[in-house]
Structure formats: C-alpha cells, structure tokens
Amino acid sequence: MSRPQEPHRPFFHFANPFRKNSHKGSQFNPKRHSLLNDFETALSKKLQKLVPNDKGDILSLSWMKLAMESLSEIHCDIKNLITELDLPVTEWDEKWMDVYLDISVKLLDISIAFTSELTRLNQGHLLLQYGLHKLESDSPELFSRASSSLDSWKQHICSKNPRVETCRPILEKLVESLNLPKVKNSSKGKELMRAMYGAKVATTYICSVFAAAFSGSSKNLLDLTVPNTLPWAQVFSDVQNTVNVEIRNILSCGKFTVLRDLDAVDACVKELSTLLQDGVGTSERESFKNSVSDLRKTEEKLSQGLDNLLKVVDSFFKIVLMGRDALLCNLRKAGGAVPDSVIGKNV
C-alpha cells in the first residue's frame with residue numbers, strides 16, 4: 001500500500017513542539033526534573049497495561065490496538081515534554097536531530113508495512129462474505145461455491161506480504177539507535193534524551209511484536225535489555241518477558257497465524273470445510289447451522305478488529321509525520337541547516 005508523497009515531517013504529534021523560546025540556563029531545575037519523572041511514571045503505566053489479566057488476550061486485535069494507542073500516547077507525551085522543557089531547536093545537538101529524523105523515517109516505513117498487511121488481511125473479508133452468503137442460503141447446490149470461496153480465503157491469508165519482509169532490517173536499525181546519549185552542559189538536553197530513550201525502547205519493542213505477529217516469525221521478536229536504574233525498567237522487563245513467552249508458545253504450535261481473531265475464523269472455516277466434504281445430511285443440519293453462525297460471528301469480529309487497528313496504525317503514522325514536519329519547519333525558521341540525512345529523502 002502506498003501513501004501520497006508529502007513533505008518530510010515526523011516523530012511527535014501536534015504543531016510546534018520545537019518552537020524557539022528563550023533559554024533559561026542549564027542548571028538543575030526541580031520543575032524540569034519533575035517533568036521527566038512524570039513522563040517516566042506515565043511510560044510505566046502505559047507499558048503495564050500491555051500485560052492483560054488473561055494471557056490469551058495477547059495478540060488479539062483489541063490488545064494490538066491498545067499497544068498501538070499506548071505508543072501514540074507515549075509520542076504525544078514526548079511532544080508535551082519538549083514543549084515544557086522549553087528547549088529551543090537551535091540548541092539541539094546536530095547528532096540528536098540526525099538520529100531523531102533518521103528514526104522517524106524508519107517508523108514511517110514500518111507503519112506503511114503494517115498498514116499494508118492489515119489492508120491485505122481485510123481484503124479476505126470479501127471472500128468470507130461470499131462464502132457465508134452461499135452457506136446461509138441453505139441451498140446445498142451452492143455449498144460447493146461456498147467451499148471454493150473458503151479455500152480461496154485460506155490461500156489468501158496464508159500468502160506472504162513482501163512489505164512485511166522489510167520490517168526485519170528496519171528493526172535492526174532501530175535497535176542500533178538504542179543508547180543513552182551523553183549530553184554535556186545541558187540539563188534540559190539530558191532530561192530530553194533520557195525521555196526519548198524510553199520512547200525509543202517502547203517503540204522498537206512494540207514494532208517488533210507487530211512484525212512478529214504479521215510475519216509469523218519469532219526472528220522479528222526482540223529481547224531488549226535496558227539499564228535497571230531507570231524507573232520503568234522492571235515494568236518493561238515484565239511486559240517483554242510475558243508477551244515474548246506467550247508469542248513464542250503460539251508460534252511453537254505450528255499455527256499458520258498468531259493473530260487470535262484470525263485463528264478463530266480459521267477454526268470455524270476448518271470445521272465447516274469438514275462438514276461440507278462429508279456431506280450435510282439431515283442429522284448434520286443443526287450442527288451445520290451452528291457452525292455457519294459461529295463463522296459469521298468470528299468473521300464480523302475479525303473485520304471490525306482489523307478496521308479498528310488499521311485506524312490506530314494510521315493515526316500513529318500521522319503523529320510521526322507531523323512531529324517530523326514540526327522539527328524541520330522550526331529548523332528552517334531558525335535559520336538552521338537541515339541535516340544531510342533527510343536531504344533528498346521522500347516518504
């Protein structure tokens with residue numbers, strides 16, 4: 001799935017988080033330190049929400065929607081922190097901006113890959129709808145068409161998406177960017193870089209979960225290590241361990257998908273396919289109707305879940321795009337040079 005060409009924009013939401021303001025010194029400031037504490041406390045809470053009461057919810061579409069919404073909120077929190085720290089763009093270290101802009105391009109690319117896969121999965125909805133229409137007609141002579149449609153759905157869902165294959169190298173580059181940069185002579189800069197580190201870790205990990213889910217490969221699932229001195233480190237470790245163990249358990253079962261809602265539809269399709277192959281006689285009529293009803297319910301849940309997740313992934317894409325635009329716009333206004341890393345690049 002392609003997106004229209006737009007000016008380079010990206011990382012955090014809303015206009016002008018990088019607006020130029022008066023510099024108020026780099027000494028330790030309790031208020032600024034409190035802002036960092038507030039950000040990291042909020043980060044811990046958002047990560048904690050990703051450990052559900054029932055592990056069976058992990059990789060349901062509703063859980064993935066929550067994960068992507070949490071990620072968007074983290075990026076918005078960074079935007080607010082930048083505004084509150086009152087750090088003018090002219091005082092950003094060139095390396096900070098270069099890394100920031102480079103990461104944003106990668107996040108745009110991986111968001112496009114996720115959107116492409118969700119759109120592809122949603123396209124199978126038409127095949128299921130056609131098959132269900134024939135099954136619900138209660139006309140045995142149409143059942144062969146229904147069976148063919150269900151087979152086509154399975155083939156469509158099992159096919160590979162080339163865009164998803166691009167996620168692995170993107171994730172590798174994101175991992176390379178994970179470090180706590182050394183900042184000299186700027187307490188504001190230290191606080192900002194520490195907060196951005198937390199955002200980068202959460203972003204890289206959640207993106208790896210999505211990439212593993214969409215590819216069906218544990219190779220895309222990351223095991224990240226963060227300094228245990230950070231207040232959110234233990235929560236992140238708990239989330240990562242819980243989610244990764246569950247995903248690897250699912251993958252070890254040899255299922256064609258780790259997505260819960262998709263697997264539920266597949267189970268109904270298999271049951272119906274078996275009934276259709278064996279023949280639906282008088283004694284099987286009630287069981288057949290119940291199976292068709294179950295497929296209808298799971299199909300509707302899948303379709304709604306894919307639509308909802310697609311919306312939040314698209315929202316994250318826009319958040320990244322708008323933040324990038326805000327930084328570049330303010331760089332130009334301040335008379336600063338646009339980093340070489342973004343010259344000539346198009347989204």
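What you see is a predicted model; the values in this text were computed from it and never measured. Along the sequence shown, residues carry numbers from 1.
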Are [X] and [Y] side-chain neighbours, meaning at least one heavy-atom pair lies under 4.5 Å?
{"X": "Tyr130", "Y": "Ser152", "answer": "no"}
{"X": "Val226", "Y": "Tyr197", "answer": "yes"}
{"X": "Thr242", "Y": "Ile58", "answer": "yes"}

Is a side-chain N or O of [X] found less than 3.5 angstrom from the main chain of [Y], in a donor-acceptor match?
{"X": "Arg168", "Y": "Lys219", "result": "yes"}
{"X": "Asp263", "Y": "Thr257", "result": "no"}
{"X": "Thr298", "Y": "Leu295", "result": "yes"}
{"X": "Thr115", "Y": "Ser111", "result": "yes"}
{"X": "Ser315", "Y": "Val312", "result": "no"}

[X]-[Y] side chain donor-acceptor pair, cut-off 3.5 Å:
{"X": "Arg120", "Y": "Ser159", "answer": "yes"}
{"X": "Glu84", "Y": "Asn80", "answer": "no"}
{"X": "Ser215", "Y": "Asn220", "answer": "yes"}
{"X": "Thr203", "Y": "His75", "answer": "yes"}

Q.
Could you work out, with side-chain hydrogen bond (donor to acceptor under 3.5 Å, both in side chains) as the rule, every residue matching Asp151, not counting sequence neighbours?
A.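 Per chain and number, Asp151 pairs via side-chain hydrogen bond (donor to acceptor under 3.5 Å, both in side chains) with no residue.
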Do NZ/NE/NH1/NH2 and the carboxylate oxygens of [X] and [Y] come within less than 4.0 Å?
{"X": "Glu299", "Y": "Arg296", "answer": "yes"}
{"X": "Asp102", "Y": "Lys106", "answer": "yes"}
{"X": "Glu246", "Y": "Arg260", "answer": "yes"}

Less than 3.5 Å apart, which donor and acceptor atoms pair up between the side chains of residues 264-274 and the rest of the protein, not counting sequence neighbours?
unit_1	atom_1	unit_2	atom_2	d
Asp266	OD1	Lys154	NZ	3.0
Asp266	OD2	Lys270	NZ	3.4
Glu271	OE2	Ser291	OG	2.8
Ser273	OG	Val269	O	2.8
Thr274	OG1	Lys270	O	3.0

**Q.** Steps toward ring-ring contact (aromatic ring centres under 6.0 Å, His included) verdict (Phe236, Tyr205)
**A.** CA-CA 10 Å; Phe236 174 75; Tyr205 175 67; 5.6 Å; yes
